[in-house]
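As the structure lists them, so they are numbered: ligands from 1, and atoms in each ligand from 1.
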Amino acid sequence: MTGTKNKIALVTGGSRGLGKDMALRLAERGFDVIITYHSRKDDATRVVEEIASRGRKAHALQLDVSDSSTFDSFVNEVRSVLHSKFGAEGIDALVNNAGVGVHAPFTDTTPEQFDAMVNIHVKAPYFLTQKLLSVINDGGSIVNISSGLARFSFEGYSAYATMKGAVETLTKYQARELGERKIRVNVVAPGAIETDFGGARVRNSPELKKTLSSLTVLGRVGTPDDIGGVVAFLCSDDSKWVNAQRIEVAGGIFV
Ligand SMILES: NC(=O)c1ccc[n+]([C@@H]2O[C@H](COP(=O)([O-])OP(=O)(O)OC[C@H]3O[C@@H](n4cnc5c(N)ncnc54)[C@H](OP(=O)(O)O)[C@@H]3O)[C@@H](O)[C@H]2O)c1
């Protein structure tokens with residue numbers, strides 16, 4: 001669909017943290033990029049400017065992944081931006097990254113907290129992807145973002161990690177059913193990364209950082225630039241035979 005034009009990636013939650021690094025690394029690999037933000041428009045604008053300064057086109061759209069009733073109008077917005085700004089009809093890569101966490105003991109987690117996690121981490125990768133299929137080019141790539149917490153346990157993350165387990169299962173089914181369009185689907189599971197995520201617990205607690213570092217073979221926690229390049233690789237043709245895989249990017253934790 002895009003002919004000789006640049007490939008285009010859509011990264012949800014690209015205004016900061018891991019999504020920002022993914023967007024920048026995709027731009028370095030030659031992608032034009034659409035990012036979404038939830039509330040931090042200024043941060044998103046700065047990412048767009050940074051991508052433009054690297055010679056690639058970029059655009060930011062507002063999206064609340066917790067509200068699936070908005071997905072149809074979001075897809076229409078994507079289609080319209082593709083036409084007006086990118087001169088294209090489709091995207092080549094989708095990264096389902098946006099999200100917040102809940103940190104609460106299993107015994108205290110409420111149905112409301114659980115439902116919020118379902119909407120953000122399961123319903124969105126499921127139905128946003130389903131709706132966006134009309135603008136994803138055949139031969140494209142989808143990357144879902146899970147967490148190391150889906151493989152190992154760490155106190156306080158039962159609801160959040162349950163959702164990430166679901167995303168890993170979903171990835172296999174998406175890969176199976178989208179294979180006929182040659183769309184690859186993989187899942188990246190980051191370890192603990194220093195971002196704003198979860199009230200910036202990893203970044204702000206020296207004690208937690210020390211514990212996590214001691215559990216990790218490479219002896220530290222992660223930073224966003226540990227993740228973006230792996231996602232960009234999975235969106236690119238260099239990974240054209242990598243499909244339905246879970247890649248943990250965590251420095252070797254709980255090996
Ligand atoms: N950091 C970690 O240790 C870690 C580890 C494993 C997996 N992950 C996963 O990695 C992904 C990104 O996390 P992060 O660490 O980069 O978090 P972050 O720094 O807090 O950034 C979160 C991003 O998601 C967006 N967002 C939040 N709620 C949203 C909503 N309801 N609708 C749409 N967008 C929303 C934010 O937009 P605004 O800027 O507009 O608020 C922001 O762009 C998440 O799926 C998370 O579960 C993180």
Subject >> Per-atom contacts of ligand 1 with K164, taking only distances under 4.0 Å to non-hydrogen atoms >> reply: 45 (O), 47 (O)

Original post:
Which residue and non-hydrogen atom of the protein lie closest to atom 18 (P) of ligand 1, and at what distance in Å?
Top reply: F197 N, 4.0 Å

Subject >> SB check D138 K182 (cutoff 4.0 Å) >> reply: no

**OP:** If you have a sec, work out which protein heavy atom is nearest atom 1 (N) of ligand 1 and how many Å separate them, to one decimal?
**Re:** T195 OG1, 3.1 Å

Subject >> Per-atom contacts of ligand 1 with G17, taking only distances under 4.0 Å to non-hydrogen atoms >> reply: 16 (O), 19 (O)

**OP:** Establish, from distance only, whether the side-chain atoms of Q174 and N144 form a donor-acceptor pair under 3.5 Å.
**Re:** yes

**OP:** Report the nearest protein non-hydrogen atom to atom 3 (O) of ligand 1: residue, atom name, distance rounded to 0.1 Å.
**Re:** I193 N, 2.8 Å

**OP:** Any chance you could measure L208, atom CG, to R203, atom CZ, to the nearest 0.5 Å?
**Re:** 13.0 Å

**OP:** For atom 24 (O) of ligand 1, find the nearest protein heavy atom and state the residue, atom name and distance (0.1 Å precision).
**Re:** G99 N, 3.4 Å

Original post:
By number and element, which atoms of ligand 1 are closer than 4.0 Å to a non-hydrogen atom of R40?
Top reply: 38 (P), 39 (O), 40 (O), 41 (O)

**OP:** Consider ligand 1: state whether an atom of it lies below 4.0 angstrom from any non-hydrogen atom of G101.
**Re:** no

Original post:
Hey, are N186 and T171 close enough side-chain-wise for a donor-acceptor pair under 3.5 Å?
Top reply: no

Subject >> Protein residue, atom and distance nearest to atom 35 (C) of ligand 1, heavy-atom basis >> reply: H38 CB, 3.4 Å

Original post:
Among all protein non-hydrogen atoms, which one is nearest to atom 32 (N) of ligand 1, and what is the separation to 0.1 Å?
Top reply: V65 N, 2.8 Å

Original post:
Who's the nearest protein heavy-atom neighbour of atom 42 (C) of ligand 1, and how far?
Top reply: S15 OG, 3.6 Å

**OP:** Inspect the surroundings of CZ in F254 and state if more than 12 heavy atoms from other residues, nucleotides or ligands are less than 6.0 Å away.
**Re:** yes

Original post:
Does any N or O atom in G13 lie less than 3.5 angstrom from one in ligand 1, N or O only?
Top reply: yes

Subject >> Test of ring centre spacing under 6.0 Å for F197 and Y160 >> reply: yes

Original post:
In terms of side-chain heavy atoms, does R40 have a donor or acceptor partner in S15 at a distance below 3.5 Å?
Top reply: no

Subject >> Straight-line distance of L170 CG to H121 NE2, nearest 0.5 Å >> reply: 13.5 Å

Original post:
Charged N to carboxylate O below 4.0 Å: is that the case for E248 and R246?
Top reply: yes

Original post:
Hey, are R151 and S146 close enough side-chain-wise for a donor-acceptor pair under 3.5 Å?
Top reply: no

Subject >> R29, R184, K7 screened by salt bridge (charged side-chain N to carboxylate O under 4.0 Å, His left out) with D237, the one that passes >> reply: K7

**OP:** Answer yes or no: does an N/O atom from L18 fall short of 3.5 Å to an N/O atom of ligand 1?
**Re:** yes

**OP:** With heavy atoms of A192 as the reference, note each atom of ligand 1 found under 4.0 Å away.
**Re:** 3 (O)

Original post:
What atoms of ligand 1 come closer than 4.0 angstrom to any heavy atom of S146?
Top reply: 6 (C), 7 (C)

Original post:
Short list, please: which atoms of ligand 1 are under 4.0 Å from a heavy atom of H121?
Top reply: 45 (O), 47 (O)

**OP:** Under 4.0 Å from a heavy atom of D196: give me the atoms of ligand 1 that qualify, with their elements.
**Re:** 19 (O), 20 (O)

**OP:** Nearest 0.5 Å please: distance from the CG atom of D43 over to the OH atom of Y37.
**Re:** 11.0 Å

Original post:
For ligand 1, is G191 a contact, meaning one of its heavy atoms is under 4.0 Å away?
Top reply: yes

Subject >> Pair D225 + R25: basic N to acidic O under 4.0 Å >> reply: no

Subject >> Nearest-neighbour protein heavy atom for atom 44 (C) of ligand 1, which is reported as residue plus atom name and distance >> reply: N97 O, 3.1 Å

**OP:** Heavy-atom contacts with V100 under 4.0 Å: which atoms of ligand 1 show up? List them by number with element.
**Re:** 27 (C), 28 (N)

Subject >> N/O separation below 3.5 Å, D64 to ligand 1 >> reply: yes

